[in-house]
Engineer: 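Have a look at the structure that comes next, please.
Note that this is a predicted model, so its numbers are computed, not measured. Below, read A as the first sequence line, B as the second, and so on, with proteins coming before strands; counting in each chain starts at 1.
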Amino acid sequence: MTSKFWLRALGVFLTLSLLWGVSEYRRAEELKIATENQYRRSLADFVTQLDSLETNLAKSRAAGTPTQQIYYLSQSSQQSNTALKDLSLLPAKEYGLAYVDQFLNQIGELTSILTQKIAKGEDLNNDEEQTLAMMHDRLLTINRDVQEFYVDLNTENIAWLDKPSGQASWNFRSPSVVPTAAQGEEEPNKPTSVRSSLEQLDASLQKLPPFTYSGQTDTHTVPEPLGLPKTTVTEEEAKDIATDFLKTIGYDNPKPQAAGTSSGPLGGYIFEFEGVTVDVCKKGGVVTLFRDERPLGLQKLSVEQTVAQAMKTLKALGWNEFVKTSTEDFGAYILLEAVSEEQDVRIYPDKIRLTVGRDNGQITAYDSTPYWLYHHDRTLKPKLTPAEAKKKLRSNFVIKESRLAVISLPGWEEAFCYEFRGNINDEDFLIYINAQDGTEEKIQRIIRTPRGEFLQ
Amino acid sequence: MLSRFRPWIVLTTVLIILTICTSSVSNAALGDRILARGSRGPEVTELQKRLQMLGYVVGPIDGIYGRQTEAGVRLFQKEHGLAVDGIAGPRTISELKRLTGQSVTTGGKSVGYKSSDIDLLARLVSAEAKGEPYRGQVAVAAVVLNRIKSSQFPNTIPDVIYQPGAFSPVANGEIWKNPVSSAIQATYEALNGTDPSYGALFFFNPAKTTNKYIWSRPQIVKIGNHIFCR
C-alpha cells in the first residue's frame with residue numbers, strides 16, 4: 001500500500017517537474033528569440049546606417065554648393081552617431097570595440113565640425129578635403145567587410161558569441177546571452193561568430209595610422225594644464241600648503257596626514273584630516289580639490305548669506321577677481337560656481353566650484369581644477385564694437401544684459417565673445433557673438449530648475 | 001412650522017457633508033495638513049513618491065505613513081538641514097516639493113523634470129559605489145561622463161551605461177534598485193563638472209578583480225575601495 005502510494009507520488013512529482021521543465025524551456029526559447037531579435041535588429045540597422053553613411057560621405061565630397069555640402073555632411077554626422085549606437089547594442093566583450101567605435105566617432109566629429117565651418121561661410125581647406133577623402137576611403141573598406149559578414153551571418157547561421165570552452169552542448173540556454181569573451185584574434189582566417197568577425201575587423205584596422213584634424217575634440221581636455229605654476233613641491237611642502245588652506249577656510253589647528261598620491265597631469269599628494277581630504281598638485285603646489293564629508297547641521301543661513309560667506313572665503317584664499325556665476329540650492333548646502341573677471345571680461349573657462357554648508361557658511365568642497373587646466377594669458381581686445389555685435393542678433397531679441405566673455409567651445413578651444421542675455425519667444429537665452437569676427441558662437445537656453453538657474 | 005423646514009435642513013446638511021467630503025478627497029494635496037505616523041491617504045502617497053525620487057527609502061508606496069516612511073522623512077530632514085522629528089510639517093513638505101519640482105523656462109512654461117539621465121546615472125553610482133566615500137561616488141559618476149567625452153566610448157549616458165559588458169550592475173540587475181540620496185547628490189556634482197578621478201575612464205575594486213586588461217591600465221588615484229585608471 002505504502003509503496004504504491006510512494007510510486008504514485010513519485011509519478012505525480014515526475015510529471016509535474018516534466019511540465020515545469022517544458023515550460024521553462026519554452027520561456028528560455030522565447031527569451032532567446034527576443035534577445036536575438038534585438039541583436040539582429042541592431043546589426044541590420046548598423047549595416048544600413050554604415051552603408052548610407054558611406055554614400056553620403058561620397059556625395060558630400062562631390063557637392064559643389066554649400067547647401068548640398070552642409071546637407072550631406074550633417075547627414076553623415078548623424079548617421080555615424082546612429083551607427084555607433086547600433087554597434088554599442090551588439091553583444092560585446094568586456095569593453096567593446098576600440099577602433100571601429102573611435103573611427104565612427106571621428107567621422108561624426110569631423111563632419112560636424114566641417115558642417116559648422118561651411119555654415120559660417122568658409123570653404124574647406126586642402127587638409128580637410130584630404131582627411132575627408134582618407135576617412136571615406138577607409139570607410140569603404142569597413143563597409144565592404146561589414147556587408148560581407150552580414151551575408152555570412154544570413155547564409156551560414158553564425159552564432160553571436162563564440163561558445164566558451166567547457167560549455168557542454170546540452171546547455172540549451174541562449175549562447176547569445178552568456179557574457180563571455182570571444183577569441184576571434186586567435187583564428188584570424190575563420191571567424192566563428194559575429195562578435196569575432198567584428199573583432200577581427202577591428203584588429204585589422206588598428207594597424208592603420210590615426211587621423212589628425214584641426215578642431216579635434218578627441219582629447220576633450222588640455223594635454224598639459226595651462227595654468228599651473230612652474231615649481232614642483234615635496235610632500236612636506238604640500239602638507240604645509242594643505243594646512244594653510246584648511247586654516248584659511250576655518251579649521252582650527254588642522255593636522256592633515258599623508259593618505260596617498262595621484263598621478264597624471266594634475267597628480268600630487270592627498271592628505272586627510274578628520275573626514276577631510278585635500279589634494280595638492282605636485283606641480284605648482286596648489287590645492288586642486290578639497291572635501292569635508294561632515295554631516296551638515298540645521299539650515300541657519302539663507303542662500304544669499306551662504307553665497308556671501310563663500311565669496312569671502314574665496315577672497316581669503318586669494319581669488320580676488322572672481323564673480324559668482326551660478327548657485328544651486330540643495331537644502332543643507334549650496335553648489336556655487338565662480339569665474340575670474342579680467343578687465344571686465346568674464347573668463348568662463350577659469351572656473352572654481354564650491355559647495356557650501358548652509359549651517360555655518362563653511363565650504364565643504366572646493367574644485368579649482370578647471371582654473372589650473374585652462375588659465376593662461378589671453379589677448380582681450382575686441383575688434384567689433386558692442387553695436388556691431390548687436391546687429392548679428394535677431395531684431396526681436398530684447399537684450400537685458402551684455403558683457404565681454406571668454407567661453408569654451410567643444411574640445412578645449414575658446415572664443416572671445418560678446419555675451420547677450422535677453423528674451424525672445426518669452427524665454428531667456430544667452431547668445432554669444434564672436435568679438436573678433438561676428439560669428440554666432442553659442443546659444444544657451446536658461447532653465448529654472450528647482451535648485452536654481454541652469455544653462456542648457 | 002418647523003416640520004415645513006425639515007426637508008430643507010436635511011437636504012442642506014447632506015449637501016454640506018457631501019461638499020466637505022468630496023473637497024477633502026479631490027483637493028487633498030500634499031501640504032494641506034501635517035502628516036505623521038499613522039496618516040493615510042493620497043497625500044501620503046505623494047509624499048512617499050517624492051521622497052523616493054530623492055533616494056529616500058520609504059518602503060512600498062501605499063499611502064500609509066508607517067515606520068519606513070517616518071525613517072525616510074527623518075533622513076530627508078537630517079540631510080537637508082531641517083529639524084529632525086519624523087513629521088512632515090509645512091517646512092519639510094515645502095522643501096521636498098521644491099527639490100522634486102519640474103523645471104520651467106524663464107517665461108514660466110513647464111519643461112518637465114529633465115532628470116532621466118540623472119536618475120540613470122545615480123542608479124549606477126548607487127549600485128557601484130554605495131557605501132564608498134562621497135567623493136568616490138562623485139568619481140564613479142565622473143567616469144561615465146569622461147567616457148562620453150572619449151572617442152572610444154558612446155556619446156550619451158544611457159549608451160555608456162548600457163554598453164554590453166561595461167558595468168556589472170547592468171549585467172546583474174542591481175541598476176534597477178532605487179538610488180540612495182548620496183548617489184543622487186554625487187551625480188549632480190559630477191554633472192556640474194567636478195571630477196575627483198582626474199579624467200579616469202575605468203575603475204575597479206582591486207580585491208575583487210583579476211581582469212588583466214583593467215590591471216594594465218595606468219592608475220590615477222585610489223578612492224575608498226576603488227582604483228581609478230585611464
Side-chain angles (χ1 to χ4, degrees), chain A residues 81 84-85 88-96 98 101-102 105-106 108-109 179 218 220-221 260-267 270 277 289 291 293 295-299 328 330-333 335 337 351 353 355 358-359 365 367 369-370 423 425-428 445-451 454, chain B residues 76 78-84 95 97-109 111 114-115 133-135 138 146 149-156 159-160 162-166 171 185 188-189 192-200 202 211 213-214 218-223 228 230:
Chain A
N81 283 330
L84 196 62
K85 203 184 254 289
S88 73
L89 290 173
L90 292 173
K93 212 164 114 163
E94 213 135 353
Y95 302 109
D101 285 305
Q102 197 169 336
N105 231 330
Q106 283 182 328
E109 275 177 6
D218 201 38
H220 288 277
T221 177
T261 56
S262 62
S263 66
L266 284 172
I270 300 169
T277 42
L289 293 175
R291 186 174 298 276
E293 298 193 13
L296 296 168
L298 281 180
Q299 285 178 22
E328 281 190 84
F330 283 84
Y333 65 95
L335 228 148
E337 285 191 355
K351 190 184 291 176
R353 298 187 193 95
T355 64
R358 281 179 65 189
D359 50 354
D367 174 10
T369 48
N423 193 283
N425 311 330
D426 200 27
E427 275 195 59
D428 279 9
R445 183 191 196 188
I446 298 166
I447 294 288
R448 294 210 174 107
T449 74
R451 298 162 302 280
F454 175 72
Chain B
F76 171 78
K78 185 165 174 275
E79 292 190 355
H80 288 81
L82 302 167
V84 182
E95 188 72 353
K97 275 180 143 178
R98 179 178 74 82
L99 289 167
T100 51
Q102 296 200 355
S103 296
V104 292
T105 66
T106 43
K109 273 183 207 150
V111 285
K114 301 234 167 212
S115 60
Y134 184 73
R135 65 193 186 106
V138 180
N146 290 336
K149 290 186 207 154
S150 160
S151 59
Q152 292 167 39
F153 292 92
N155 298 325
T156 64
D159 281 355
V160 168
Y162 288 118
Q163 201 184 12
Q185 288 167 6
Y188 275 110
E189 236 181 290
N192 248 307
T194 296
D195 180 7
S197 81
Y198 293 105
F202 304 97
N211 185 306
Y213 176 78
I214 201 133
Q219 298 181 1
I220 303 172
V221 65
K222 185 168 192 276
I223 303 174
F228 292 83
R230 76 182 88 246

Engineer: Is a donor on one side and an acceptor on the other found under 3.5 Å between the side chain of A:Glu427 and the backbone of A:Arg445?
Structural biologist: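 Here the side-chain-to-backbone pair does not exist.
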Engineer: With a cut-off of 6.0 Å (strictly less than), are more than 12 heavy atoms of other residues, nucleotides or ligands near NZ of B:Lys222?
Structural biologist: yes
Engineer: Is there a donor-acceptor pair closer than 3.5 Å between any side-chain N or O of B:Arg98 and the backbone N or O of A:Pro450?
Structural biologist: yes
Engineer: If you count heavy-atom pairs within less than 4.5 Å of chain B, which of A:Leu289, A:Asp359, A:Thr449 leads?
Structural biologist: A:Leu289
Engineer: As an exercise: rank A:Thr277, A:Thr369, A:Leu335, A:Thr355 by heavy-atom pairs under 4.5 Å with chain B and give me the winner.
Structural biologist: A:Thr277
Engineer: Select one option (side chain, backbone, both, neither) describing which atoms of B:Asp195 are under 4.5 Å from chain A's heavy atoms.
Structural biologist: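 Only the backbone of B:Asp195 comes within 4.5 Å of chain A.
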Engineer: Is there a side-chain contact between B:Leu99 and B:His80 (heavy atoms, below 4.5 Å)?
Structural biologist: yes
Engineer: Please classify the contact between B:Val138 and chain A as side chain, backbone, both or neither, with a heavy-atom cut-off of under 4.5 Å.
Structural biologist: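 Contact with chain A is through the side chain of B:Val138 alone.
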Engineer: Is B:Glu95 in contact with chain A via its backbone, its side chain, both, or neither, using a 4.5 Å heavy-atom distance?
Structural biologist: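 Only the side chain of B:Glu95 comes within 4.5 Å of chain A.
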Engineer: Please classify the contact of B:Gln185 with chain A as side chain, backbone, both or neither, using a heavy-atom distance under 4.5 Å.
Structural biologist: both
Engineer: Quickly, which of A:Arg353, A:Lys351, A:Glu328 forms a side-chain hydrogen bond (donor to acceptor under 3.5 Å, both in side chains) with B:Asn192? Name it, please.
Structural biologist: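 Going through the options one by one, the only one that passes is A:Glu328.
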Engineer: At a heavy-atom distance under 4.5 Å, which candidate from A:Leu266, A:Asp428, A:Asn81 has the highest pair count against chain B?
Structural biologist: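 The candidate making the most pairs under 4.5 Å is A:Asp428.
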Engineer: Looking at A:Leu84, A:Ile446, A:Leu296, which has the largest count of heavy-atom pairs under 4.5 Å with chain B?
Structural biologist: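 Among the listed options, the one with the most contacts to chain B is A:Ile446.
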Engineer: Among A:Gly297, A:Gly267, A:Pro295, A:Ala332, which residue has the highest count of heavy-atom pairs closer than 4.5 Å to chain B?
Structural biologist: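 Of the options given, most contacts go to A:Ala332.
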Engineer: Identify which part of B:Tyr134 has an atom lying under 4.5 Å from any heavy atom of chain A, answering side chain, backbone, both or neither.
Structural biologist: both
Engineer: Given 3.5 Å as the limit, does a donor-acceptor pair link the side chain of B:Thr106 with the main chain of A:Arg448, or not?
Structural biologist: no
Engineer: Name the member of B:Gly199, B:Ala83, B:Ser103 that forms the most heavy-atom pairs with chain A at distances under 4.5 Å.
Structural biologist: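 Heavy-atom pairs under 4.5 Å are most numerous for B:Ser103.
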Engineer: Between B:Val221, B:Asp159, B:Thr100, which residue shows the highest count of heavy-atom pairs closer than 4.5 Å to chain A?
Structural biologist: B:Asp159
Engineer: Heavy atoms only, distances under 4.5 angstrom: which of A:Ser262, A:Gly260, A:Gly108 has the most pairs with chain B? Name it, please.
Structural biologist: A:Ser262
Engineer: Tell me, out of B:Leu82, B:Val104, B:Asn146, who's got the most heavy-atom pairs with chain A below 4.5 Å.
Structural biologist: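 With the most close heavy-atom pairs to chain A, the winner is B:Val104.
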Engineer: Between B:Gln219 and A:Ser263, is there a side-chain heavy-atom distance shorter than 4.5 Å?
Structural biologist: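 Side-chain contact under 4.5 Å: no.
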Engineer: Run A:Phe330 and B:Tyr188 through ring-ring contact (aromatic ring centres under 6.0 Å, His included) and show every step you take.
Structural biologist: CA-CA 10 Å; A:Phe330 283 84; B:Tyr188 275 110; 5.3 Å; yes
Engineer: Does B:Arg135 come within less than 4.0 Å of B:Glu189, counting only side-chain N to carboxylate O?
Structural biologist: no
Engineer: Rounded to the nearest 0.5 Å, what's the gap from CZ on B:Phe228 to CD1 on B:Ile220? Could you check?
Structural biologist: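 With rounding to 0.5 Å, CZ (B:Phe228) is 9.5 Å from CD1 (B:Ile220).
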Engineer: For B:Pro196, is it the side chain, the backbone, both, or neither that has a heavy atom closer than 4.5 Å to a heavy atom of chain A?
Structural biologist: both
Engineer: Pick one of side chain, backbone, both or neither for A:Arg291, based on which atoms fall under 4.5 Å of a heavy atom in chain B.
Structural biologist: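 Just its side chain gets close to chain B.
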